[in-house]
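So that the names make sense, note that chain A is the first sequence line, chain B the second, and so on, each numbered from 1. As the structure is a computational prediction, the values presented were derived from the model and not from experiment.
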Amino acid sequence: MTSAPTPVRVRIGPSPTGDPHVGTAYVALFNYAFAKKNGGKFILRIEDTDQKRSSPDSEQAIMNSLRWLGLSWDEGPDVGGSHGPYRQSERLNIYRDYVNQLVESGHAYWCTCTQERLAEVRKRQLALKQPTGYDGHCRERSQTEVLAEIQSGTPGVIRLKTPHTGQTRFNDFFRGDIVIENTEVDDQVLFKSDGFPTYHLANVVDDRLMGITHVIRGEEWISSTPKHVLLYQAFGWQHPQFCHLPLLRNADKSKVSKRKNPVSLEYFREAGYLPDTLLNFLGLMAFSFEDAREIFTLEDFVQNFKLERVSLGGPVFDLQKLLWLNGRYLREKRTDAQIVQYLQDQLFSTEYLSQIVPLVKERVEKSEDFVAYADFFFAGSVLVSPENYLMKDVERKRTIELYEFLIEKLEALRPFDATHIDSALRAFCLEHALKSRDLFMPVRLMVTGKKATPPLFETMAVLGRERCRTRMRSALQALRAMPV
RNA sequence: GGCCCCUUCGUCUAGCGGUUAGGACAGCAGCCUCUCACGCUGUAGACGCGGGUUCGAUUCCCGCAGGGGUCACCA
């Protein structure tokens with residue numbers, strides 16, 4: 001006689017610390033499909049335990065992007081559910097209670113080591129070519145002594161007391177048993193001095209409390225899974241089934257990153273990719289249908305989804321194939337009327353045009369002039385010969401380096417409006433001893449492909465961060481490839 | 001560097017001991033066509049290396065190499 005199977009419950013736990021990431025969508029898709037295929041629940045949990053980097057804007061953007069893709073969740077911060085709250089910052093007291101339980105049972109301990117000491121320990125370990133990790137300083141001290149320090153105001157953290165002997169074993173659905181020596185696992189911080197838990201603690205407690213049956217997440221987590229398993233053991237809980245998906249890759253096979261690839265879901269939307277295309281494409285990553293079909297709906301994907309058909313080589317996120325797929329969707333899955341509507345909504349929206357018109361109206365005389373003058377607001381690529389990107393009296397190598405810095409600076413610029421762009425660019429000139437006019441023309445050419453445009457800062461603001469960064473990156477690439 | 005994971009055309013992948021190693025994107029050639037694109041047809045292109053196991057290995061095992069991930073009071 002078999003007991004009734006536990007209902008499948010899976011979750012996606014994005015950290016609201018930046019733009020909605022394509023990797024989040026990829027992992028969400030697989031979780032969603034697994035839940036739906038098995039009649040289970042798909043849960044969205046916001047993992048905002050990093051106070052410094054988390055923002056409500058990012059959280060909202062992530063939810064908007066997932067919704068745009070059509071991945072809806074059964075439980076989450078906005079839709080509620082029986083296992084809430086679904087925002088980790090709202091569960092602080094829960095983590096505190098559980099971590100105290102660990103301290104009481106002797107599975108965790110307080111630590112008052114300073115960042116400086118930690119850095120020193122690390123430095124020494126590196127110098128001696130020893131494995132890096134916490135040296136257990138406070139673990140060896142009397143807890144009453146450590147606690148006294150904390151009473152008197154010294155900031156402290158709680159660390160997991162990992163065993164010094166033996167090994168930790170867990171099963172990964174795709175890879176089978178993975179065994180790691182406990183000496184490889186260091187005393188990870190569970191509870192930070194700001195009263196927030198770390199990912200390790202929060203994810204274990206929440207997965208348990210939320211009844212998560214399968215943890216489907218990226219492969220990057222494999223190496224910290226032993227810590228999680230040890231935590232489950234310390235609590236006396238059974239752990240969920242782990243399923244580590246292969247990571248999306250850049251063309252050079254490294255983990256997909258914004259420096260080498262567009263990764264923001266907002267970029268894909270703005271650049272004109274259809275949500276169903278993107279989802280379909282993500283479904284092609286590490287997965288294949290038994291009948292080899294490559295074009296399918298989300299419903300098809302759910303119906304045919306099987307963890308057994310996930311392949312493990314890290315898939316390169318190949319923009320060329322995505323482009324082809326998007327073309328087919330446009331041609332085959334949209335009527336002309338839908339495309340007209342789509343263009344009006346996406347590319348020629350009243351909102352976008354309203355921003356452009358004030359910039360160009362003084363420079364034009366007839367409606368057709370707008371097309372010639374404002375084309376770069378709508379164009380995909382605005383590349384010109386790379387020598388145009390060179391700065392006066394700056395050698396190429398240095399130029400490339402400077403643009404790298406500049407792009408990074410602009411990527412992080414928030415809000416991305418004319419005022420901020422203005423000061424960011426001017427500050428950049430000061431920092432690197434550049435004349436503003438020497439920098440502004442190449443930048444103008446990178447983002448617009450033209451020498452004559454409306455004022456640069458306003459223009460960049462209207463184009464938006466994603467378009468600017470993509471254009472600057474491809475300009476930079478052209479500059480790198482330029483024959484000397 | 002330690003530990004862990006991975007390894008079929010350039011890329012996404014099929015394959016689960018015996019196949020002319022299949023499909024898709026990109027490439028190339030041709031057809032279609034006022035051009036381009038679409039579409040269609042064809043073509044080139046892969047089992048990382050070395051040992052085993054086996055009558056037989058792309059497929060199973062071991063080693064090596066290569067790639068990746070991870071070593072935070074970030075997730």
Answer yes or no on whether A:K333 is positioned over the face of A:Y329, meaning its NZ or CZ is under 6.0 Å from the six-membered ring centre and within 45° of the axis.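 Yes; both conditions hold, so A:K333 lies above the ring face of A:Y329.
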
For A:Y134, does the six-membered ring have the charged nitrogen or CZ of A:R159 within the cation-pi criterion, i.e. under 6.0 angstrom from the centroid and within 45° of the normal? yes

Would you classify [X] as touching base, sugar-phosphate or nothing, given that sugar-phosphate means primed atoms plus P, OP1 and OP2, and contacts are heavy atoms under 4.0 Å?
X      : value
A:S224 : nothing
A:A251 : nothing
A:R293 : nothing
A:T225 : nothing
A:P131 : nothing
A:K253 : sugar-phosphate
A:S193 : base
A:L247 : sugar-phosphate
A:V189 : sugar-phosphate
A:Q115 : base
A:G313 : sugar-phosphate

Please tell me which of the listed nucleotides, [options], lies nearest to the side chain of [X]?
X      : options                : answer
A:S254 : B:rC73, B:rG69, B:rA24 : B:rG69
A:E184 : B:rC25, B:rU70, B:rG2  : B:rG2
A:I222 : B:rG23, B:rA26, B:rC5  : B:rC5
A:Q188 : B:rA72, B:rC25, B:rA75 : B:rA72
A:S223 : B:rC5, B:rC73, B:rU70  : B:rU70
A:K52  : B:rG23, B:rC74, B:rU11 : B:rC74

Check for me whether the distance between the ring centres of A:Y95 and A:F196 falls short of 6.0 Å.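 No, ring centres 6.0 Å or more apart.
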
Under the ring pair (Phe, Tyr, Trp, His ring centres under 6.0 Å) criterion, do A:H228 and A:Y199 qualify, and how do the steps go? CA-CA 10 Å; A:H228 306 158; A:Y199 170 84; 5.7 Å; yes

Is [X] near enough to [N] that one of its side-chain N or O atoms lies under 4.0 angstrom from OP1 or OP2?
X      : N      : value
A:R328 : B:rA24 : no
A:S288 : B:rA14 : yes
A:K192 : B:rC74 : yes
A:T198 : B:rA75 : no
A:R309 : B:rG15 : yes
A:R331 : B:rG39 : yes
A:R53  : B:rA75 : no
A:K227 : B:rC71 : no

Quickly work out the [X] [atom1] to [N] [atom2] distance and round it to whole Å.
X      : N      : atom1 : atom2 : result
A:L245 : B:rC5  : CG    : C1'   : 13 Å
A:M285 : B:rA14 : CE    : C1'   : 15 Å
A:E219 : B:rC71 : CD    : P     : 14 Å
A:Y199 : B:rA75 : OH    : C1'   : 8 Å

Using the [atom1] atom as the point on both nucleotides, what is the distance between [M] and [N], in whole Å?
N      : M      : atom1 : result
B:rU54 : B:rC49 : P     : 23 Å
B:rG67 : B:rU11 : C1'   : 15 Å
B:rC62 : B:rA57 : C1'   : 15 Å
B:rU8  : B:rG15 : P     : 13 Å
B:rA21 : B:rU59 : C1'   : 11 Å
B:rC74 : B:rG69 : C1'   : 16 Å
B:rC36 : B:rG27 : P     : 15 Å
B:rC6  : B:rU13 : P     : 15 Å

Please name the nucleotide paired to B:rA65 by Watson-Crick or G-U wobble geometry with both distances under 3.5 Å, or report none. B:rU7

Would you mind checking if A:K255 and A:E219 are paired as a salt bridge, meaning a charged N to carboxylate O distance below 4.0 Å?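 So A:E219 does not pair with A:K255 through a salt bridge.
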
Decide, yes or no, whether a salt bridge links A:D19 with A:R465 under the criterion of side-chain N to carboxylate O below 4.0 Å.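 Answer for the salt bridge query: yes.
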
Closest-nucleotide 5' rank along RNA chain B - winner of A:L322 and A:E332: A:L322

5′-ward residue of the pair A:I180/A:K129 relative to RNA chain B: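 By nearest-heavy-atom nucleotide position, the 5'-most residue is A:K129.
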
Among A:R469, A:R480, A:K409, which residue satisfies the salt bridge (Lys or Arg N to Asp or Glu O under 4.0 Å) criterion with A:E404?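 The option that passes is A:R480.
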
Checking A:S65 side chain against A:L265 main chain: does a donor-acceptor pair fall under 3.5 Å?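 Looks like no, no N/O pair under 3.5 Å.
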
